[in-house]
Amino acid sequence: MAYWVLHVDLDQFIAAVELLRRPELAGRPVVVGGSGDPTQRGVVATASYEAREYGVRSGMPLRTALKRCPDAVYLPVDKPTYEEASAGVMAVLREFPVIVEVMGWDEAFVGGETDDPEALAAEIQVAVLERTRLHCSIGIGDNLLRAKIATEFGKPRGRFRLTKENWFDVMGERPVTTLWGIGAKTARKLEDRGIRTVRELAAADPAALAAELGPTMGPYYVQLGRGLGRRVVEGTPWVPRSHGREVTFQENLTDWAQVRREVAALARTVAAELQEEGRPAARVGVKVRFAPFVTHTRSTTLAAPTLDPDALENAALQVLDLFRPGRAVRLLGVRAEFERS
DNA sequence: TCTGGGGTCCTAGGACCC
DNA sequence: TCTGGGGTCCTAGGACCC
C-alpha cells in the first residue's frame, strides 16, 4: 500500500453551520461576519455560494458586501458554535485509520496508507456528511502542498488528485498566487523578475531568488513552484507560540486615558486566558493601529515568565508608553508569547 | 474595497560578547 | 591606532494563512 495525503476542507463552513440551524435561509445569499450589522466596522468571515455570486468574498469589509448584496442575510460570528461543529468533524476523521493534522476550524490534513485514495476520500465525505450534515471537498496528493492545492479543484463536494505526474499539466500556466504561501506582495516581486507562472517559478534560480527574497524564502518559493513540500502528516498536538487579543473600535479612540484603560483590560483578559492554559508569558507585545490605518507593534521580554495579571497589565502599559500618545486609535491589541523550548 | 481577529514564520539591524 | 569575524539575543516589521 502507498502513503497518501488527503486535505479535507469543509464547503462554505461557517455559512453551512449557520444554515443548519436556520434551514429557512437555504438558497438565499448569507453573509457571516463581525457583529452581523453590515453598516459597522468588520469583515466577511464566510459568504454562502449564493452571496459569492454577487461578488462578496471572505475578508471583504462588511460595508462593501452590503453595497454588493443589500438583500443578503447578515449574521454575527458565533465562535463557540463553529468550534463545536469543527470538533465534530475532526472526531469523524479520527475514526479512520489515519493521522489527522488540524489546520483550522474548517480544514485538516489526513495521512494514511491506501491503494485507493479516491475511495478513502469518498468514504470520508460520506461519513462527515452523515454525522455532521456538512459537505466537504477533498484534495489528494503525494505531499501536503499538492493535496491542499488539489482541494480547490474539487470544490464543491468533490475530489481531485494532484501529484508529481500532473503537477505541471494542471498548475504550470497558473499564476504563482495559486500556490499556498504566495500572496499579492510576493507575486509582485516575482513579476519584477519576469516570473508570473508556476512553471516559470519552478525554473528560477534559487540562489538568485535568495538574494532578492531572503535566504530561506527565495529557495522555498522555487520548491513551491515545483510542487515540493512536506510529505508526512504529523499527528503530534500543536503547541501554541503565542496568545493575544485585539479589538477594533467602532469609533476611533481619541482620549489616551481611555487607550490606557483598554490596554489594561486586554492585558487582564489575556492573563485570564493564560491562567486557563497554565502557560506563563515570556514576552508581552502591544499593537496599536492609528487612524486611518497605520499599525505599529512594540514588545518587551519579561524579567521572568509570569501568569500574574498585575505583572502582565503593568508590562503592557509600559510597552504602550513607548508609543507617542495623542493620535486617534482604531485598534488595540495585547499578545503574550510563550517561552520557546 | 476604507480594510476583523486569531495566529505563524522570516528578515534585518543593533547590542553585546568573545 | 578608524577597526575582524562569528555567534546569540532582542526587537520591529512584513507577509501570509484561516
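What you are looking at is a predicted structure, and each value in this text was computed from that prediction instead of being measured. Below, chains carry the letters A, B, ... as their sequence lines are ordered, and counting in each starts from 1.
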Check your understanding: Base, sugar-phosphate, or nothing: which does K148(A) touch, judged by heavy atoms less than 4.0 Å apart?
Key -> sugar-phosphate
Practice item. Kindly determine whether E18(A) and R21(A) satisfy salt bridge (charged side-chain N to carboxylate O under 4.0 Å, His left out), including the steps that lead there. Key: CA-CA 6 Å; E18(A) 293 293 351; R21(A) 58 177 171 184; 3.0 Å; yes
Practice item. Describe, in one word, how the ring planes of W256(A) and F290(A) are oriented to each other, choosing from parallel (under 30°), tilted (30 to 60°) and perpendicular (over 60°). Key: parallel
Point to revise | Worked verdict on R279(A) versus E339(A) for salt bridge (charged side-chain N to carboxylate O under 4.0 Å, His left out) | key: CA-CA 9 Å; R279(A) 295 188 67 198; E339(A) 208 148 32; over 6 Å; no
Review point. What is the nucleic acid contact for R188(A), judged by heavy atoms within less than 4.0 Å: base, sugar-phosphate only, or nothing?
Key: nothing
Practice item. Could you tell me whether the side chains of S137(A) and D11(A) share a donor-acceptor contact shorter than 3.5 Å? Key: yes
Review point. When the P atoms of dT3(C) and dC17(B) are considered, how many whole Å apart are they?
Key: 23 Å
Check your understanding: To the side chain of V43(A), which of dT1(B), dT3(B), dT11(C) is closest?
Key -> dT3(B)
Check your understanding: Under 4.0 Å between a side-chain N or O of T248(A) and OP1 or OP2 of dG5(B)?
Key -> yes
Practice item. Give one of base, sugar-phosphate or nothing for L62(A), where a contact means two heavy atoms less than 4.0 Å apart. Key: nothing
Review point. Has F293(A) got its ring stacked on dT3(B), by the test of a centre gap below 5.5 Å and a plane angle below 30°?
Key: yes
**Study point:** Side chains of E273(A) and H243(A), donor plus acceptor under 3.5 Å
**Key:** yes
Revision key, fill the gap. If each end axis of the helix from dG5(B)-dC18(C) to dC18(B)-dG5(C) is fitted on five C1' pair positions, the angle between them, to 10 degrees, is 10°
Practice item. Looking at every strand, decide which applies to M217(A) at a 4.0 Å heavy-atom threshold: base, sugar-phosphate, or nothing. Key: sugar-phosphate
Review point. Is it true that a side-chain atom of D116(A) and a backbone atom of A119(A) form a donor plus acceptor pair closer than 3.5 Å?
Key: yes
Check your understanding: Any idea which of dT11(C), dC16(C), dG7(B) is nearest the S242(A) side chain?
Key -> dG7(B)
Point to revise | Donor-acceptor contact below 3.5 Å, side chain R157(A) vs main chain H135(A) | key: no
Exercise for review: Look at the side chain of T297(A) and decide which nucleotide, out of dA12(C), dC10(C), dT1(B), has an atom nearest to it.
Suggested key: dA12(C)
Review point. When we call it a touch if two heavy atoms are under 4.0 Å apart, what does A45(A) touch: a base, just sugar-phosphate, or nothing?
Key: nothing
Check your understanding: For DNA chain B, whose closest nucleotide is more 5', that of L213(A) or that of R289(A)?
Key -> R289(A)
Point to revise | Sugar-phosphate only, base, or nothing, as touched by G183(A) at under 4.0 Å among non-hydrogen atoms | key: sugar-phosphate
Practice item. Starting from the 5' end of DNA chain B, give me the residue, G218(A) or H243(A), whose nearest nucleotide shows up first. Key: H243(A)
Exercise for review: Could you please name the option among dA15(C), dG6(B), dA12(B) that lies closest to any side-chain atom of P215(A)?
Suggested key: dA12(B)
Check your understanding: What's the closest nucleotide to the R335(A) side chain, out of dC17(C), dG7(B), dG4(B)?
Key -> dG7(B)
Exercise for review: Just call it for L66(A): base, sugar-phosphate, or nothing, with non-hydrogen atoms closer than 4.0 Å on any strand.
Suggested key: nothing
Practice item. Without swapping roles, check the side chain of T178(A) against the backbone of P175(A) for a donor-acceptor pair under 3.5 Å. Key: yes
Review point. Side chains of V98(A) and L93(A): does their closest heavy-atom pair fall under 4.5 Å?
Key: no
Point to revise | Residue-phosphate contact under 4.0 Å: S299(A) side-chain N/O, dA12(C) OP1/OP2 | key: yes
Point to revise | Flag for R283(A)-T301(A): side-chain donor and acceptor within less than 3.5 Å | key: yes
Exercise for review: Determine the contact category for R63(A): base if any of its heavy atoms lies under 4.0 Å from a base atom, sugar-phosphate if only primed atoms, P, OP1 or OP2 are that close, otherwise nothing.
Suggested key: sugar-phosphate
Exercise for review: Give one of base, sugar-phosphate or nothing for G244(A), where a contact means two heavy atoms less than 4.0 Å apart.
Suggested key: sugar-phosphate
Check your understanding: Going by heavy atoms closer than 4.0 Å, what residues in residues 219-241 of chain A are next to DNA chain B?
Key -> W238(A), P240(A), R241(A)
Exercise for review: Examine W180(A) and F168(A) and state if one hydrophobic cluster contains both, with Ile, Leu, Val, Met, Phe, Trp and Tyr joined whenever side-chain heavy atoms are less than 4.5 Å apart.
Suggested key: yes
Check your understanding: How would you label the contact of V247(A) with the nucleic acid (heavy atoms, under 4.0 Å): base, sugar-phosphate, or nothing?
Key -> sugar-phosphate
